[in-house]
Amino acid sequence: MTEDERPAPGRTHLDVTPPSETAREPGRSGGILAWLDERTSAARIVRAGMRKVFPDHWSFLLGEIALFCFVILVLTGTFLTFFYVPSAADVTYDGPYAPMVGREVSAAYDSVLRISFETTAGLLMRQIHHWAALVFVAVVVLHLCRVFFTGAFRRPRELNWIVGFILLALAMALGFTGYSLPDDLLSGTGARIAYSAALSIPFVGPWLASLAFGGEFPTDAFISRFYVLHIMLLPGAVAVLIVGHIALLVLQKHTQYRGGPAREDNVVGRSFWPVQAFLSSGLFFLTAAICSLLGAFFQINPIWLFGPFDAAIVSSPAQPDWYVGWLDGALRIFPPFEPTILGITIPSPFIPGIVIPGVLFTIVALWPFLEARFTRDDRPHHLLDRLWEHPRRTATGVAILTFFAVLTLAGGNDVLAFAFGFEVEFLTLLFRWLAVLLPIAAWIVTYRLCRARIVEGERPGPPLAGHALVRGPEGGFEELAE
Amino acid sequence: VLALFGITGVCGIALLVVYALGGQTQVEGVLLFGALGGLGAGIVVWGQRLMPARVRIEPREPITMAPRAIAELEETLTEEAGFSRRRLLVVGLGGALASLAAALAIPVFSLGPAPGRSLFVTSWRAGRRLAIAGGSPVRASDVPVGGVLTVFPDGDGSDPNASTLLIRVGPDAAATAGRPSASQAPDAGQPPSATDFVAYSKICTHAGCPVGLYRSSEHVLICPCHQSEFDVLDGARPINGPAARSLPALPFRLEADGTFTALGDFPEPVGPSFWDMHR
């Protein structure tokens with residue numbers, strides 16, 4: 001069997017004849033396609049690409065949305081580079097924003113104020129850029145969760161899992177460097193904390209921090225360095241890895257959910273052209289539309305309210321962008337532990353700022369290999385698991401997400417204290433306990449729920465709601481995934 | 001579908017008009033939303049409703065190459081270049097590449113100065129006056145009880161790591177803390193004495209944020225970044241939150257003319273700790 005075409009359930013289907021191999025004798029064919037093919041002989045490959053099969057499930061679109069966010073970020077970011085000045089040089093602000101007139105600010109901060117208040121559509125582009133960045137990281141994380149919980153990372157896709165993991169790390173680095181560029185009070189404080197965490201790396205910390213920031217913080221160099229990272233090196237790396245990510249996907253073909261005709265040795269879905277191509281490009285414009293709406297109405301990072309960076313001043317409350325919140329939370333709630341043994345001091349940010357994120361990220365990065373080792377299952381898998389089918393994996397994933405969630409909330413302990421009238425000291429103590437206990441509780445509860453679901457599934461009973469049954473050509477009934 | 005594309009057209013033209021009129025963020029955003037959303041929705045509806053949705057089933061071949069193919073590739077890589085017969089040359093090439101890489105990595109060290117002793121020192125020196133940035137030396141009588149000032153050496157704010165908090169805790173608090181206090185009877189008219197004042201580094205010993213909040217009723221300094229709290233009456237000892245080290249105290253003297261003079265630099269590094277800070 002090479003290819004099998006059948007109508008989609010419930011749809012009228014007229015076009016039964018496969019597109020015929022149109023007679024294309026040399027010299028007779030005309031038009032731009034022929035011209036191109038006679039010089040590249042790409043027609044076969046392009047047609048094969050157009051017939052790539054996409055399984056139809058909404059969760060497969062998360063990765064696409066992430067890609068679209070990146071495209072939006074590159075477009076709006078390019079617009080911003082035309083006006084942004086990556087310099088820490090002192091200038092006196094004399095623009096239309098009255099409260100800041102006459103203040104000594106950095107050229108970078110000044111240029112962002114000008115983008116916000118003077119450039120036509122500048123504020124809109126800036127806000128779309130920032131919102132798209134937040135959505136980008138969020139969708140990357142959701143995509144990672146989808147791949148994790150369905151077991152899509154198993155052999156042969158471990159390599160692509162690692163590529164995706166690096167993309168997540170790069171996305172966070174892009175977000176952090178971009179966040180620092182306006183050189184406002186809040187972002188400068190964030191850079192300062194990053195510098196302190198770098199300082200806490202054993203022995204080489206002071207060297208690394210000095211090399212990264214160009215001396216002892218605060219320096220004039222770090223704005224221009226972050227700029228180069230943010231607009232060239234990091235997005236370049238992301239672009240290359242996205243190509244690799246998709247190339248591996250095409251080579252290995254999509255995974256698919258169980259149900260219907262889906263088996264380990266086939267892929268069931270629609271061709272890239274035309275339906276999937278239309279859906280995907282439509283999705284691109286819809287993603288851009290949502291980001292535009294967010295950028296239009298939801299003010300983000302109003303740096304004119306924060307003021308320019310000054311190393312001797314800080315504002316309160318101070319919260320980073322959401323995907324850094326868990327790191328900040330870890331720093332906030334970690335107990336004051338700074339022993340000096342034999343003249344060597346372990347700095348207090350070392351464990352929450354370096355060790356915990358390092359261990360967590362290593363576990364996530366190596367998860368496909370860890371799972372293969374512990375389950376002794378190194379076989380290739382192309383069918384996806386349902387959430388409950390692998391209780392230990394699901395429970396571990398939920399526990400890690402719970403840990404991140406507690407830390408992220410802890411990163412807002414000052415805001416929570418203010419909003420709910422608690423003492424910050426009480427919340428810090430509470431979050432210390434929650435960070436330890438909730439992930440364990442989440443693991444146990446999730447594990448139990450999955451086990452119960454498996455047992456329930458083994459009992460004969462009425463089909464579960466939300467699953468369609470289709471009558472197959474042989475007369476039997478089959479469950480159709482979603 | 002055509003109607004949706006129509007929305008895009010209308011919004012696109014309206015966007016041009018708004019641009020031409022000088023622009024307005026919210027209106028631009030809504031029009032952009034309409035234009036992109038119309039286009040996106042139109043394309044999706046077209047794809048979903050008007051195109052034949054054919055489900056295709058494609059076979060999936062095993063991904064791995066045959067073991068023979070792998071062996072052949074290995075042979076092509078090594079044998080055809082003769083690597084196995086020229087072990088020494090291969091080692092030499094590896095060594096040459098490694099030393100070249102090392103040489104090319106050296107410019108990395110141009111990125112920043114060697115840390116040296118820079119983390120151990122600030123610009124405080126014996127004899128420098130305590131003054132707010134760009135201002136004249138602070139006089140004791142300028143600071144009310146419970147007041148906090150951020151001071152720099154002679155008002156030179158160019159070294160942010162020298163930023164120091166000068167706090168007038170008042171004779172009451174100084175007495176309760178068990179410290180020798182020159183003023184026996186707390187009296188509003190009493191001139192301030194040196195023991196009414198403390199001076200601590202403003203750089204948090206946890207992650208380096210400026211310790212910017214002071215709860216004067218409890219004599220507690222609070223870092224707004226991670227909520228570390230320091231007891232001003234007890235040597236700025238950390239009493240809450242993640243900080244584990246006291247804020248370094250600046251040695252100073254109250255002069256006869258009411259100004260303050262530093263007696264030297266901080267006795268230990270200011271700001272966040274590092275592994276070899278006690279070397």
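Chain A is the first sequence line, chain B the second, and so forth, proteins listed ahead of strands; every chain is numbered from 1.
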Problem set entry | Flag side-chain contact, heavy atom, 4.5 Å: B/Trp275 against A/Ile346 | yes
For this session: Just give me the residue among A/Asp310, A/Thr287, A/Thr120, A/Leu293 that pairs up with chain B most often, heavy atom to heavy atom, under 4.5 Å.
Result: A/Leu293
Exercise. Where on A/Asn413 is there a heavy atom nearer than 4.5 Å to chain B: the side chain, the backbone, both, or neither?
Worked result: side chain
Exercise. Quick one: do the A/Thr428 and B/Gln227 side chains pair a donor with an acceptor below 3.5 Å?
Worked result: no
Exercise. Should the ring pair A/Trp207 and B/Phe109 be called parallel, tilted or perpendicular, given that the plane angle runs from 0 to 90° and is split at 30 and 60?
Worked result: perpendicular
Exercise. Most heavy-atom pairs under 4.5 angstrom with chain B, which of A/Pro335, A/Pro218, A/Ser281?
Worked result: A/Pro218
For this session: Using a cut-off of under 4.5 Å on heavy-atom pairs, state which of A/Pro156, A/Gly295, A/Gly205, A/Ser271 scores highest against chain B.
Result: A/Ser271
For this session: Sort out for me which of B/Gly38, B/Pro242, B/Gly112 touches chain A most, counting heavy-atom pairs under 4.5 Å.
Result: B/Pro242
For this session: Determine whether A/Val268 and B/Arg56 make a side-chain contact, defined as any pair of heavy atoms from C-beta on separated by less than 4.5 Å.
Result: no
Seminar exercise, completed: Turns out that what part of B/Ile203 lies under 4.5 Å from chain A's heavy atoms comes down to side chain
Seminar exercise, completed: Closest non-hydrogen atoms of B/Leu36 and A/Phe285, given as atom of the first, atom of the second and distance, are O-CB, 3.4 Å
Seminar exercise, completed: Applying a strict 4.5 Å limit to non-hydrogen atoms, the region of A/Phe217 in contact with chain B is backbone
Exercise. Which atoms of A/Val424 come close to chain B, meaning under 4.5 Å heavy atom to heavy atom: side chain ones, backbone ones, both, or neither?
Worked result: side chain
Exercise. Highest number of heavy-atom pairs under 4.5 Å with chain B: which of A/Pro202, A/Gly190, A/Gly122, A/Ser200?
Worked result: A/Pro202
Problem set entry | Structural part of A/Ser280 lying under 4.5 Å from a heavy atom of chain B | neither
For this session: Could you tell me whether the side chain of B/Arg60 and the main chain of A/Arg263 form a donor-acceptor pair under 3.5 Å?
Result: no
Exercise. Would a distance-only check, ignoring hydrogens and angles, find a side-chain to backbone donor-acceptor pair under 3.5 Å from A/Arg192 to B/Gly208?
Worked result: yes
Problem set entry | Residue selection (most heavy-atom pairs with chain A, distance under 4.5 Å) from B/Pro115, B/Ser163, B/Ala114, B/Gly47 | B/Pro115
For this session: Heavy atoms only: give me the nearest A/Ser348-B/His206 pair and the separation to one decimal.
Result: OG-CD2, 3.5 Å
For this session: Check the pair A/Ile128, B/Leu32 against side-chain contact (heavy atoms from CB on, under 4.5 Å), reporting the backbone distance first and the verdict last.
Result: CA-CA 11 Å; A/Ile128 293 178; B/Leu32 197 57; 3.9 Å; yes
Problem set entry | Engaged part of B/Glu229 at the chain A interface, taking heavy atoms whose separation is under 4.5 Å | side chain
Exercise. Taking atom CD of B/Gln26 and atom CZ of A/Phe297, what is their separation to the nearest 0.5 Å?
Worked result: 6.0 Å
For this session: Could you tell me the separation between the CG atom of A/Leu124 and the OG1 atom of B/Thr25, rounded to the nearest 0.5 Å?
Result: 6.5 Å
For this session: Indicate yes or no for a side-chain donor-acceptor contact from A/Glu338 to the backbone of B/Ala244 under 3.5 Å, with no hydrogens or angles considered.
Result: no
Problem set entry | Any B/Cys209 side-chain heavy atom under 4.5 Å of A/Ile193 side chain | yes
Exercise. Okay, side chain of A/Ser210, backbone of B/Pro113: is any donor-acceptor separation there less than 3.5 Å?
Worked result: yes
For this session: Sort A/Pro380 into side chain, backbone, both or neither according to what part of it lies under 4.5 angstrom from a heavy atom of chain B.
Result: neither
Problem set entry | Residue selection (most heavy-atom pairs with chain A, distance under 4.5 Å) from B/Thr8, B/Leu31, B/Ile43 | B/Ile43
Exercise. Is A/Phe203 atom CZ crowded by more than 12 heavy atoms from other residues, nucleotides or ligands, each under 6.0 Å away?
Worked result: yes
Problem set entry | Check: A/Ser196 side chain, B/Ala207 main-chain N or O, donor-acceptor pair, under 3.5 Å | yes
Seminar exercise, completed: Most heavy-atom pairs under 4.5 Å with chain B, out of A/Leu294, A/Thr340, A/Leu251, A/Leu283, belong to A/Thr340
Exercise. CH2 of B/Trp46: more than 12 outside heavy atoms within 6.0 angstrom?
Worked result: no
For this session: Mind checking the CG-CZ spacing from B/Leu111 to A/Arg225? Nearest 0.5 Å is all I need.
Result: 4.5 Å
For this session: Indicate the atoms forming the closest heavy-atom contact of B/Gly29 with A/Ala296, along with that distance.
Result: CA-CB, 3.4 Å
For this session: Would you mind telling me which of B/Thr205, B/Val211, B/Val27, B/Leu119 has the largest number of heavy-atom pairs within less than 4.5 Å of chain A?
Result: B/Leu119
For this session: Assess whether atom CD1 of B/Ile106 is packed by more than 12 heavy atoms of other residues, nucleotides or ligands within 6.0 Å.
Result: yes
Exercise. Which region of A/Phe350, side chain (C-beta onward) or backbone (N, CA, C, O), has a non-hydrogen atom less than 4.5 Å from a non-hydrogen atom of chain B, or is it both or neither?
Worked result: side chain
Seminar exercise, completed: When the 4.5 angstrom heavy-atom criterion is applied to A/Glu264 and chain B, the contacting part is backbone
For this session: With the side chain counted from C-beta on, respond yes when B/Asp276 and A/Ile344 share a heavy-atom pair under 4.5 Å apart, and no when they do not.
Result: no
For this session: Mind checking the CG-CZ spacing from B/Leu39 to A/Phe284? Nearest 0.5 Å is all I need.
Result: 9.5 Å
Problem set entry | Check: A/Glu216/B/Asn161 side-chain N/O donor and acceptor closer than 3.5 Å | yes
For this session: Heavy-atom pairs under 4.5 Å with chain A are the metric here; pick the option from B/Ser273, B/Gly271, B/Gly116 that has the most.
Result: B/Ser273
Problem set entry | Expected output: side-chain A/Arg332 to main-chain B/Cys225 donor-acceptor under 3.5 Å | yes
Exercise. How many angstroms lie between CG in A/Leu279 and CE in B/Met51, if you round to the nearest 0.5 Å?
Worked result: 8.5 Å
For this session: Carefully, step by step, assess A/Lys253 and B/Glu58 under the rule side-chain contact (heavy atoms from CB on, under 4.5 Å).
Result: CA-CA 10 Å; A/Lys253 300 191 170 129; B/Glu58 190 182 46; 3.4 Å; yes
For this session: Name the option with the most non-hydrogen atom pairs under 4.5 Å to chain B; the candidates are A/Val53, A/Leu331, A/Leu199.
Result: A/Leu331
